[in-house]
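Shown next, in structure tokens, is the structure this report addresses.
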Amino acid sequence: MLLEFQRTIKQEMCSAIKSLFDLDLTPADITVESPPKVELGDLAFPIAFQLAQRLKAATGTKQNPRQLAEKLGNSLQNIKGVKRIEIAGAGYLNFYLDRANFLAKLSTEKESLVLDEITGGKLIVEHTSINPNKAAHIGHVRNAVFGDSIVRLLKASGENVEVHNYIDNTGVQVADVVVGFKYIEKKSLQEIAATEEPFDYYCWDLYAKVGKFYEESPGNQRLRAATLHEIEQNEGDTAEIAEYISQRILVCHLKTMWRLGISYQVLPRESDILHLNFWQTAFEKLKQNNAIYFETEGRNNGCWVMRADDARDEKREEKGAENEYEADKIIVRSNGTVTYVGKDIAYHLWKLGQLGLDFYYKPFYTYPDGHTVYITTTEKDNNVQNFGNGVAYFNVIDVGQSYTQNYVKLGVKLLSVDNRVERSSHLAYEKVVLTPESARELGYELSEQESKRSQISMSGRKGLGVKADDLINKLEEKALIEVQNRQKDATDQEQREIAHKVAVGALRYFLLKFTRNTIIAFDFSEALAFQGETGPYIQYAVVRIGSMFRKLAEIGEETTDPLKDSDLEAISALFELEEAESGWSGKYLWSIIHQASRLKDVLRTSVKTLEPTHVAKYAYQLAATFNEFYNMKVDSKVSYKVLGEPDPNRRRLLIALVAYVGQQLESALNLLGVEVPAKM
RNA sequence: GCGCCCGUAGCUCAGUUGGAUAGAGCGUUUGACUACGAAUCAAAAGGUCGCACGUUCGAGUCGUGCCGGGCGCACCA
């Protein structure tokens, strides 16, 4: 709603500026902000400062921003939905909306969150992508929660999104666990299969043992290389064991993520990329397009290499004949095998439908809600699925891999005939690390050096990390105690469902309240908090709103009627009364409505910056505003007791306001993947 | 050595393409439940936005240099 007003005003402004000052501006050139106080208006435009600058550049004469603002303001008098315009400060142009009209519109039209600037093609979001060899930890959860929220934001804004979770089932990490079972525990496939649940926890510990096993002798180290080779070549029982482990762990991961409300549409596997010869096709394309070069001398002798973007032209000339510019990236080793970057280029060409090859697919796992996730396979059958063929892709991968991801993107770009890939990107996020305290709480003994540091990296190899299911369990237990104290009438089953939603709300909000590039120093007390800036705080506000409407329903009051035209005059008068009584210290009903109406604007910011945190902060602030409104005291001049409000017009206004806030809060929480229980 | 990121209240962090008086939470101190459910609210204290120049009508935000911290720079993935 707010966005629509902004658009109209900007367009009007552009044409006014054209006729008044003969300057060509587009709506995108015009900055809008929220005034620091509601008293100053609903939309603020610092356009006059910009005009002064441009006029000075065009004519050479200095102009007073305030006078420019007045000129412009006078020519913008009759915009629909705008009540008045004021000049403030050094030259701000502040717009006041027709408040009663605005509220009436909100109560009659269900607002769509679909944005104007959508891509118009399928977007592929890849996230989670955990090595299938051990339990997921909190760092993996950050990846998944972030990725899942990006998916929700994009979908809500009108995009067509496909969710992938890439499975590296042929890498060293899986090989390491195979080594553990085969050579440390000396188990057969059948014996491995008899391992009790939780299998991912068992492998977590085993994986840590393998690290020590390698240190014991060079012979043990060689087992790793041999095992990896057997897996890649799909040979004998080693490959079978690897296949078994990765699939069983994968199911563990899918179940863990489902607890957090996260699921996928397709699981592309690295083994299938290998066996379906994706690389060979990509290799030919790379060679044909001169994207890679074969080195015949120097340190990269016998390798196919790619040159960094900035090393493709002059810089290389400067370096002279020595054929080993340090930014060269090896794609094919001198023994003929392909590196990770090469495989990833092939895979991403597939994502964009530019490889000319496809996987086969089969159903892999059915979620409790009945929908099925597909996995790739090399076996031909009739399961035709249209996965891939996107116009752009987003890969949620930690920032530590930016260096290699840049080469992947570069490679894909070199083979792309259009600019679609330019929109695609590595969606980098920072790690979750442990504080020395949290590492100690996990029973980890810190070395002297480590205890001096403020951050301890989690390490699968050391078995150091906060396991996802452990943390979720802890949160659920803690929430359950609270629920048992508060909802004594509820059944055990109901209490557990509430506790689950609270726990997930707490965890997801905790991970999303930070920006992507903030390193999260994991702290147990902070992650387990239900008070203050947390998910449960916001859920609680929505639950309060819910119980107000339950009570209204109990006394038989109809609350679903939208505001009628006949109500507008009275409500308009109420707003004016509020405005006149500045003793209400700015806690205007209008300011709440105005704040609530910003959701779509905030969603746009989040989509543009790919930062869910904006929606998270918005939800918290709106919940805080509502709680303040809700708690307003009778003896402090004003109170807003909705159920006790005798004046029918005022009552209608309050009910419409509360309903709107509840609806906006719930939408915002949905974008973050947080569900709201009926009671809590 | 080269590249990227960070430095904002005691702690953990926000801060909208440069805009009006820099904001939250936690912690500390003090108050509010015979309730539209206190997982809440009110109030107080807490800042030379790492430092120094520069650009600008205007800088936490942009540029340069320094100081302090993190990460990356494999014929690993």
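Lettering follows sequence order; numbering is per chain, from 1. No experiment lies behind these values; they were computed from the predicted model shown.
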- [ ] Under 4.0 Å between any heavy atoms, over every strand shown, what does A:Thr31 touch: base, sugar-phosphate, or nothing? Just pick one.
- [x] base
Task: Base of B:A35 paired with side chain of A:Asn631 (donor-acceptor, under 3.5 Å) - done: no
Task: Aromatic plane relationship, A:Phe629 with A:Phe626 - under 30° parallel, 30 to 60° tilted, over 60° perpendicular - done: tilted
Open item on the list: Just to be sure I understand the rule, does A:Lys608 reach a base, reach only the sugar-phosphate, or reach nothing, if contact means heavy atoms closer than 4.0 Å?
Closed with: nothing
- [ ] Please tell me which of A:Thr337 and A:Ile520 maps to the more 5' nucleotide of RNA chain B, matching each residue to the nucleotide holding its nearest heavy atom.
- [x] A:Ile520
Open item on the list: So for A:Ser402 and B:C4, does any side-chain atom that can act as donor or acceptor lie under 3.5 Å from a complementary atom in the base?
Closed with: no
Open item on the list: Salt bridge check, A:Arg516 against A:Glu430: does any charged N sit closer than 4.0 Å to a carboxylate O?
Closed with: no
TODO: May I ask you to say what A:Thr613 touches in the nucleic acid, namely base, sugar-phosphate or nothing, with a heavy-atom cut-off under 4.0 Å?
DONE: nothing
TODO: Classify the angle between the aromatic ring planes of A:Trp304 and A:Phe283 as parallel (below 30°), tilted (30 to 60°) or perpendicular (above 60°).
DONE: perpendicular
- [ ] Just call it for A:Glu611: base, sugar-phosphate, or nothing, with non-hydrogen atoms closer than 4.0 Å on any strand.
- [x] nothing
- [ ] Sort out the partner of B:U17 for me: Watson-Crick or G-U wobble, both distances under 3.5 Å, none otherwise.
- [x] none
Task: Sugar-phosphate, base or nothing in reach of A:Gln621, heavy atoms under 4.0 Å - done: nothing
TODO: Report which part of the nucleic acid A:Asp176 touches: base, sugar-phosphate, or nothing (heavy-atom distance under 4.0 Å, all strands).
DONE: nothing
TODO: Answer with yes or no after comparing the ring centroid distance for A:Tyr347 and A:Tyr166 against a 6.0 Å cut-off, counting only values under it.
DONE: yes
- [ ] Select base, sugar-phosphate, or nothing to describe what A:Val332 touches, counting heavy atoms under 4.0 Å on all strands.
- [x] nothing
Open item on the list: Does A:Gly171 reach a base, just sugar-phosphate, or nothing at all? Heavy atoms under 4.0 Å.
Closed with: nothing
Open item on the list: What's A:Ala44 touching, base or sugar-phosphate or nothing? Going by heavy atoms closer than 4.0 Å.
Closed with: base
Task: Pair A:Tyr630 and A:Tyr640, ring centroids less than 6.0 Å apart - done: no
- [ ] Can you tell me the pairing partner of B:C4 across any strand shown, Watson-Crick or G-U wobble, with both distances under 3.5 angstrom?
- [x] B:G70
Task: Where A:Ala541 and A:Ala623 come nearest, the two heavy atoms and their spacing - done: CB-CB, 3.9 Å
- [ ] Just call it for A:Thr404: base, sugar-phosphate, or nothing, with non-hydrogen atoms closer than 4.0 Å on any strand.
- [x] base
TODO: Calculate the interatomic distance between A:Tyr407 atom OH and B:G72 atom C1'; express it in whole Å.
DONE: 12 Å
- [ ] Could you check how far CZ of A:Arg544 sits from C1' of B:C33, rounded to whole Å?
- [x] 11 Å
- [ ] Identify the nucleotide, in any strand shown, that forms a Watson-Crick or G-U wobble pair with B:C75, with both distances under 3.5 Å; if there is none, say none.
- [x] none
Task: Nucleotide paired to B:U34 in any strand shown, Watson-Crick or G-U, under 3.5 Å - done: none
Open item on the list: Salt bridge check, A:Glu482 against A:Lys478: does any charged N sit closer than 4.0 Å to a carboxylate O?
Closed with: no
TODO: Check every strand shown and say whether A:Val658 touches a base, only sugar-phosphate, or nothing at a heavy-atom separation below 4.0 Å.
DONE: nothing
Open item on the list: With rounding to the closest Å, how many angstrom separate the C1' atoms on B:C51 and B:A59?
Closed with: 16 Å
TODO: Figure out the CD/P separation between A:Glu526 and B:C26, and round it to whole Å.
DONE: 11 Å
Task: Paired nucleotide for B:C51 [Watson-Crick or G-U wobble; both distances under 3.5 Å] - done: B:G65
Open item on the list: Classify A:Asn301 by what it touches in the nucleic acid, base, sugar-phosphate, or nothing, heavy-atom distance under 4.0 Å.
Closed with: base
Task: C1'-based separation of B:U48 from B:G60 [nearest Å] - done: 13 Å
- [ ] Check every strand shown and say whether A:Val483 touches a base, only sugar-phosphate, or nothing at a heavy-atom separation below 4.0 Å.
- [x] base
Task: Distance, C1' atom - from B:U29 to B:A35, rounded to whole angstrom - done: 27 Å
TODO: Report yes if the ring of A:Tyr630 lies under 5.5 Å from the six-membered base ring of B:C41 with planes under 30°, and no otherwise.
DONE: no
Open item on the list: In whole Å, measure the gap between the P atoms of B:U61 and B:G7 for me.
Closed with: 11 Å
Open item on the list: Could you tell me the Watson-Crick or G-U partner of B:C11, where both distances fall under 3.5 Å? Say none if there is no partner.
Closed with: B:G25
TODO: Write down the distance between OH (A:Tyr540) and C1' (B:A39), rounded to a whole number of angstrom.
DONE: 6 Å
Open item on the list: Suppose you measure atom C1' in B:G15 against the same atom in B:G23; what distance do you get, rounded to whole Å?
Closed with: 7 Å
- [ ] For A:Ala88 and for A:Cys303, find the nucleotide of RNA chain B with the closest heavy atom, then tell me which residue's nucleotide is more 5'.
- [x] A:Ala88
Task: Spacing of the P atoms in B:C26 and B:A42 (rounded, Å) - done: 11 Å
Task: Whole-Å C1' distance, B:A38 and B:A20 - done: 37 Å
Open item on the list: What I want to find out is whether A:Lys679 reaches A:Glu494 closely enough, with some N-O distance under 4.0 Å, to be called a salt bridge.
Closed with: no
Open item on the list: Using a heavy-atom cut-off of 4.0 Å across all strands, would you classify A:Phe530 as base, sugar-phosphate, or nothing?
Closed with: base
- [ ] Sticking with atom C1', work out how far B:U56 lies from B:G68, rounded to a whole angstrom.
- [x] 29 Å
